[in-house]
Novice: 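Below you'll find the structure I mean.
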Amino acid sequence: MHNGGMPAIDPTLLHRELDDWFAREGRDLPWRRPDCSPWGVLVSEIMLQQTPVARVLPRWIDWLIRWPTPADLANAPTDEVLRAWDRLGYPRRALRLAECARAIVDQHGGMVPRDEDALRSLPGIGEYTAAAVVAFAFGGRSTVLDTNVRRVLARGVGGEALPRPHLTTAERQRAGALVPEDPAAAARWAAATMELGALVCTARNPACDRCPIAGQCAWLAAGKPADAHAVVRRTQAWHGTDRQVRGQIMRELRAADRVGRSRLLSATTAGSAQFDRALESLVHDGLAVEWASPDDEPQYSLPAARTR
DNA sequence: AACACGGGGTT
DNA sequence: AACCCAGTGTT
């Protein structure tokens with residue numbers, strides 16, 4: 001096994017330097033505090049899926065005050081859940097979080113499970129989130145691989161500017177091999193690598209001069225070569241998409257009790273064909289319900305009752 | 001493996 | 001206007 005003449009990685013040194021840096025520079029986020037419950041951590045992880053910390057913070061605080069345990073959320077009406085989710089985006093996550101709460105009550109006696117496979121089987125919890133809850137809620141050993149960690153390892157260990165578009169088995173192995181044996185150390189490693197990717201080893205302008213592991217970084221040593229598999233990935237369009245129209249409809253539904261189709265349509269930038277497609281998809285997803293009216297246009301609202 | 005799915009802050 | 005961001009579930 002060779003690594004192209006790049007400096008050998010010393011995991012022990014890596015762990016210690018990142019540990020020290022995280023203790024010094026890590027943000028004091030409420031879901032990282034020792035008194036935060038596993039449920040609080042789980043809620044934060046769902047909200048943080050594709051959503052920045054700054055926007056999650058106020059929603060998370062309100063959410064935990066209102067539904068401090070899985071049992072509390074399990075009994076909440078769906079419309080209240082969706083209004084509390086507000087504009088965090090991807091509102092299906094809110095539905096899945098409520099389903100997740102019910103599954104925790106039904107299958108785990110209301111306690112967030114510690115087992116990674118059990119977590120993985122809950123609604124809305126995939127590979128990343130299961131590993132994150134193991135580490136951050138229970139201080140357990142897991143391989144936490146989010147976009148930040150992937151970038152840190154792609155650079156520091158792989159010598160490449162950015163990770164591949166898709167997670168590979170080889171990448172999982174590389175990440176797993178670097179996880180400290182001690183569970184508490186593994187949890188700190190997960191938090192520190194994520195934080196490094198978020199604060200220093202950012203996608204666009206990495207602050208290598210402030211990086212605690214710059215001395216061991218394969219990418220820096222190689223002269224920071226450009227992304228090998230760049231371009232290709234075009235960002236998804238946003239304006240005029242069905243997603244945008246869905247968001248416009250959801251905003252209107254959150255603001256009203258019931259809304260007629262025509263008023264809903266006028267709240268969007270869509271033509272009627274796209275509007276109907278978006279509205280139908282929301283009904284299909286369980287984010288909206290239709291109230292048929294014999295002699296007037298159909299009315300729509302958020303789902304009032306929870307769908308048990 | 002590819003696709004659908006929000007929204008707002010930053011550059 | 002483009003770019004970025006603590007992913008998951010479906011097909």
Side-chain angles (χ1 to χ4, degrees), chain A residues 22 26-27 29-32 36 40-60 82 85-97 99-100 119-137 142-152 162-169 175 187 190-199 201-206 227 230-254 268-269 274 277-278 280-282 284-288:
Chain A
F22 184 67
R27 291 168 291 182
L29 301 171
W31 45 84
R32 283 181 180 162
C36 184
V41 173
L42 191 157
V43 171
S44 80
E45 291 300 338
I46 300 292
M47 289 184 170
L48 287 163
Q49 290 166 1
Q50 305 283 281
T51 307
V53 167
R55 204 136 39 94
V56 164
L57 216 32
R59 297 296 100 230
W60 182 87
L82 290 171
W85 193 258
D86 195 36
R87 286 170 296 173
L88 281 181
Y90 297 114
R92 293 186 300 187
R93 289 184 295 167
L95 254 29
R96 294 197 196 107
L97 181 52
E99 291 169 19
C100 180
L119 286 162
R120 183 69 178 74
S121 73
L122 294 170
I125 298 192
E127 177 179 349
Y128 160 75
T129 304
V133 171
V134 166
F136 305 143
S142 64
T143 303
V144 176
L145 258 188
D146 77 325
T147 185
N148 285 315
V149 178
R150 293 188 64 208
R151 189 172 55 250
V152 167
L162 293 173
R164 305 292 176 79
H166 300 294
L167 193 53
T168 64
T169 303
T193 47
M194 287 180 65
E195 193 76 335
L196 188 71
L199 299 183
C201 194
T202 55
R204 196 85 70 82
N205 292 114
D227 184 10
V231 201
V232 191
R233 42 158 84 95
R234 291 149 57 198
T235 56
Q236 278 178 300
W238 167 246
H239 291 282
T241 60
D242 286 8
R243 283 202 302 177
Q244 184 184 33
V245 176
R246 280 169 57 102
Q248 292 166 343
I249 294 172
M250 286 300 293
R251 179 187 288 248
E252 199 67 14
L253 290 177
R254 284 193 306 267
T268 73
T269 54
Q274 186 186 31
R277 187 167 68 239
E280 195 48 51
S281 74
L282 290 173
H284 176 266
D285 289 348
L287 289 164

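A, B, ... follow the sequence lines: proteins, then strands. Residue 1 opens every chain. This structure is a prediction, so every number in the text was calculated from the model and none was measured.
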Novice: To the nearest 0.5 Å, tell me how far A:L88 CG sits from A:M47 CE.
Specialist: 5.5 Å

Novice: Could you go over nucleotides 6-10 of chain B and give all protein N or O partners under 3.5 Å, atom names and distances?
Specialist:
{"from": "B:dG6", "atom 1": "OP1", "to": "A:P91", "atom 2": "N", "distance (Å)": "3.3"}
{"from": "B:dG6", "atom 1": "OP2", "to": "A:R246", "atom 2": "NE", "distance (Å)": "2.4"}
{"from": "B:dG6", "atom 1": "OP2", "to": "A:R246", "atom 2": "NH2", "distance (Å)": "3.3"}
{"from": "B:dG6", "atom 1": "O4'", "to": "A:Y90", "atom 2": "N", "distance (Å)": "2.9"}
{"from": "B:dG6", "atom 1": "N7", "to": "A:Y90", "atom 2": "OH", "distance (Å)": "3.3"}
{"from": "B:dG6", "atom 1": "N7", "to": "A:R243", "atom 2": "NH1", "distance (Å)": "3.2"}
{"from": "B:dG6", "atom 1": "O6", "to": "A:Y90", "atom 2": "OH", "distance (Å)": "3.2"}
{"from": "B:dG6", "atom 1": "N1", "to": "A:Q50", "atom 2": "O", "distance (Å)": "3.1"}
{"from": "B:dG6", "atom 1": "N2", "to": "A:Q50", "atom 2": "O", "distance (Å)": "2.7"}
{"from": "B:dG6", "atom 1": "N2", "to": "A:T51", "atom 2": "OG1", "distance (Å)": "3.1"}
{"from": "B:dG7", "atom 1": "N2", "to": "A:R55", "atom 2": "NH2", "distance (Å)": "2.9"}
{"from": "B:dG7", "atom 1": "N3", "to": "A:R55", "atom 2": "NH2", "distance (Å)": "3.0"}
{"from": "B:dG8", "atom 1": "OP1", "to": "A:R87", "atom 2": "NE", "distance (Å)": "3.3"}
{"from": "B:dG8", "atom 1": "OP1", "to": "A:R87", "atom 2": "NH1", "distance (Å)": "2.9"}

Novice: Need one value for A:A132: base, sugar-phosphate or nothing, where a base atom within 4.0 Å counts as base even if backbone is also close, heavy atoms only.
Specialist: nothing

Novice: CG of A:L162 versus P of C:dC5: gap in Å, rounded?
Specialist: 9 Å

Novice: Mind listing the residues from residues 119-127 of chain A sitting with a heavy atom below 4.0 Å of DNA chain B? Number order is fine.
Specialist: none

Novice: Between atom CG in A:D146 and atom P in C:dC4, what is the gap in whole Å?
Specialist: 16 Å

Novice: Taking CH2 from A:W85 and C1' from B:dC5, how many angstroms apart are they, rounded to a whole number?
Specialist: 13 Å

Novice: How do A:R151 and A:T129 order along DNA chain C: which one's closest nucleotide is nearer the 5' end?
Specialist: A:R151

Novice: Do the side-chain N and O atoms of A:Y128 and A:R150 include a donor-acceptor pair separated by under 3.5 angstrom?
Specialist: no

Novice: Just by distance, do the side chain of A:R151 and the backbone of A:C201 share a donor-acceptor pair under 3.5 Å?
Specialist: yes

Novice: Do A:W31 and A:V53 come close enough that some side-chain heavy atom pair is under 4.5 Å?
Specialist: yes

Novice: Let me know the distance between CD1 of A:I46 and C1' of C:dC5, rounded to the nearest Å.
Specialist: 16 Å

Novice: Heavy atoms under 4.0 Å, any strand shown: does A:W60 hit a base, just sugar-phosphate, or nothing?
Specialist: nothing

Novice: Under a 4.0 Å threshold between the charged nitrogen and the carboxylate oxygen, would A:R32 count as salt-bridged to A:E195?
Specialist: yes

Novice: With a non-hydrogen cut-off below 4.0 angstrom, is A:T202 in contact with a base, only sugar-phosphate, or nothing?
Specialist: nothing

Novice: For A:N205 and C:dC3, what is the distance between atoms CG and C1' respectively, to the nearest whole Å?
Specialist: 12 Å

Novice: A:H284 has an atom NE2; how far is it from atom P of C:dG9, in whole Å?
Specialist: 16 Å

Novice: Would you mind reporting whether A:P52 and A:R55 have side-chain heavy atoms less than 4.5 Å apart?
Specialist: yes

Novice: If we take the P atom in both B:dG8 and C:dG9, what is their distance in whole Å?
Specialist: 24 Å

Novice: Could you state the CZ-C1' distance from A:R150 to C:dA6, rounded to the nearest angstrom?
Specialist: 13 Å

Novice: What does A:L29 touch in the nucleic acid at a heavy-atom separation under 4.0 angstrom: a base, only the sugar-phosphate, or nothing?
Specialist: base

Novice: Is there side-chain contact between A:R246 and A:D285, with at least one heavy-atom pair below 4.5 Å?
Specialist: yes

Novice: How many Å lie between CG on A:L48 and P on C:dT8, as a whole number?
Specialist: 12 Å

Novice: Looking at CG of A:L282 and CZ of A:R92, how far apart are the two atoms once the value is rounded to the nearest 0.5 Å?
Specialist: 9.5 Å

Novice: Does the side chain of A:F22 come within less than 4.5 Å of A:L196's, by heavy atoms?
Specialist: no

Novice: Please state the P separation for the pair B:dC3 and C:dA6 - nearest whole angstrom.
Specialist: 23 Å

Novice: Is any side-chain N or O of A:H166 closer than 4.0 Å to OP1 or OP2 of B:dA2?
Specialist: yes

Novice: Identify the residue among A:T129, A:I46, A:L42 that makes a side-chain contact (heavy atoms from CB on, under 4.5 Å) with A:C100.
Specialist: A:L42

